[in-house]
Visitor: 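Below you will find the structure I want to go over with you.
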Amino acid sequence: MENRTELIRFGEQLRRVREQQRLTVVDLAGRSNISPTRVAKLEAGLTDPRFDVLVALSDGLGVGLSALIPDDEEGQAS
């Protein structure tokens with residue numbers, strides 16, 4: 001991800017999807033085989049997710065990768 005704003009938006013989306021499924025950070029960590037600390041840092045926008053982590057999170061949540069990518073509500077160009 002390119003910048004801090006994108007990391008924050010990703011983290012917010014990850015948290016939104018997790019909470020929609022009524023999962024805790026620990027639940028998602030266990031399902032994804034990622035440490036709870038790492039999940040919390042991702043949700044806070046403090047770390048950039050690698051592709052394998054994105055796949056593990058989407059598998060743990062039972063959603064496609066696209067569900068973890070925030071909508072481009074601001075109309076920014078890629």
Side-chain angles (χ1 to χ4, degrees):
M1 295 195 183
E2 293 181 20
N3 61 43
R4 178 86 169 121
T5 302
E6 289 179 350
L7 291 176
I8 291 170
R9 289 181 64 218
F10 168 77
E12 290 170 347
Q13 180 68 13
L14 176 59
R15 179 178 292 123
R16 191 172 12 259
V17 173
R18 176 182 58 77
E19 289 177 345
Q20 286 173 348
Q21 295 190 22
R22 295 191 168 112
L23 296 174
T24 66
V25 167
V26 173
D27 293 335
L28 177 55
R31 289 178 173 207
S32 303
N33 200 28
I34 298 171
S35 76
T37 302
R38 180 85 186 258
V39 173
K41 285 183 177 181
L42 288 165
E43 287 189 357
L46 298 175
T47 188
D48 200 348
R50 297 184 326 241
F51 183 73
D52 61 325
V53 171
L54 291 173
V55 171
L57 290 168
S58 68
D59 288 348
L61 290 164
V63 299
L65 284 173
S66 62
L68 299 181
I69 307 303
D71 291 333
D72 192 4
E73 299 170 353
E74 299 173 18
Q76 298 173 345
S78 299

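Note that the numbering runs from 1 along the sequence shown for the chain.
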Visitor: Would you indicate whether the side-chain heavy atoms of Leu68 and Pro49 approach each other to under 4.5 Å?
Guide: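 Contact flag for Pro49/Leu68 side chains = no.
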Visitor: Looking at every non-hydrogen atom in both residues, tell me the closest pair between Ala44 and Arg4 and how far apart they are.
Guide: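 So the two residues come closest at O-NH1, 3.9 Å.
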Visitor: With a 4.5 Å cut-off on side-chain heavy-atom distances among I, L, V, M, F, W and Y, is there a chain of contacts connecting Phe10 to Val55?
Guide: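 Same cluster: Phe10 reaches Val55 through Ile, Leu, Val, Met, Phe, Trp or Tyr contacts under 4.5 Å.
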Visitor: Looking at every heavy atom in both Val17 and Ala67, which two are closest together, and how far apart are they?
Guide: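 Scanning both residues, the minimum pair turns out to be CG2-O, 3.6 Å.
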Visitor: Between Arg16 (side chain only) and Gly11 (backbone N and O only), is there a donor and an acceptor less than 3.5 Å apart?
Guide: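 Pair absent, no side-chain N/O of Arg16 close to backbone of Gly11.
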Visitor: Which heavy-atom pair separates Ser32 from Gly60 by the least distance, and what is that distance?
Guide: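 Looks like OG-CA, 3.7 Å.
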Visitor: Suppose we screen for side chain to side chain donor-acceptor pair (under 3.5 Å). Which residues come up paired with Glu12, at least two apart in sequence or across chains?
Guide: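 Expected list: none.
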Visitor: For Arg22, what residues pass the salt bridge (Lys or Arg N to Asp or Glu O under 4.0 Å) criterion, not counting sequence neighbours?
Guide: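 With sequence neighbours excluded, Arg22 shows a salt bridge (Lys or Arg N to Asp or Glu O under 4.0 Å) to no residue whatsoever.
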Visitor: Would you name the heavy atoms of Ala40 and Val25 that are closest together and state the gap between them?
Guide: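 For Ala40 versus Val25, the nearest heavy atoms are N-CG1, 4.1 Å.
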Visitor: What salt bridge (charged side-chain N to carboxylate O under 4.0 Å, His left out) pairs are there with at least one residue in residues 51-61, not counting sequence neighbours?
Guide: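 Non-adjacent pairs meeting salt bridge (charged side-chain N to carboxylate O under 4.0 Å, His left out): Arg50-Asp52.
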Visitor: Between Leu65 and Leu54, what is the shortest heavy-atom contact and its length?
Guide: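 The pair with the smallest heavy-atom distance is CD2-O, 3.5 Å.
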Visitor: If you look only at pairs with a residue in residues 27-41, which of them pass as a salt bridge (charged side-chain N to carboxylate O under 4.0 Å, His left out), with sequence neighbours excluded?
Guide: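 Qualifying pairs: none.
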Visitor: Could you work out, with side-chain contact (heavy atoms from CB on, under 4.5 Å) as the rule, every residue matching Arg15, not counting sequence neighbours?
Guide: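 Applying side-chain contact (heavy atoms from CB on, under 4.5 Å) to Arg15 gives Arg18, Glu19, Glu43.
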Visitor: Establish whether Leu14 and Ile8 are linked, either directly or via other cluster members, by ILVMFWY side-chain heavy-atom contacts under 4.5 Å.
Guide: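 Different hydrophobic clusters.
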Visitor: Please list, chain by chain and in numerical order, all residues satisfying side chain to side chain donor-acceptor pair (under 3.5 Å) with Asn33, sequence neighbours excluded.
Guide: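 Partners of Asn33 under the side chain to side chain donor-acceptor pair (under 3.5 Å) test: none.
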Visitor: Using side-chain heavy atoms (C-beta onward) and a distance below 4.5 Å, is Thr47 in contact with Leu7?
Guide: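 No - every pair of side-chain heavy atoms lies 4.5 Å or more apart.
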Visitor: Roughly how far, to the nearest 0.5 Å, is the CD1 atom of Ile34 from the CG atom of Leu57?
Guide: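 The CD1 atom of Ile34 is 4.0 Å from CG of Leu57, to the nearest 0.5 Å.
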Visitor: Under 4.5 Å between any side-chain heavy atoms of Asp48 and Leu42, yes or no?
Guide: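 A side-chain contact is absent here, since even the closest heavy-atom pair is not under 4.5 Å.
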Visitor: Work out which heavy atom in Val63 is nearest to a heavy atom in Gln21; give both atom names and the distance.
Guide: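 The pair with the smallest heavy-atom distance is CG1-NE2, 3.8 Å.
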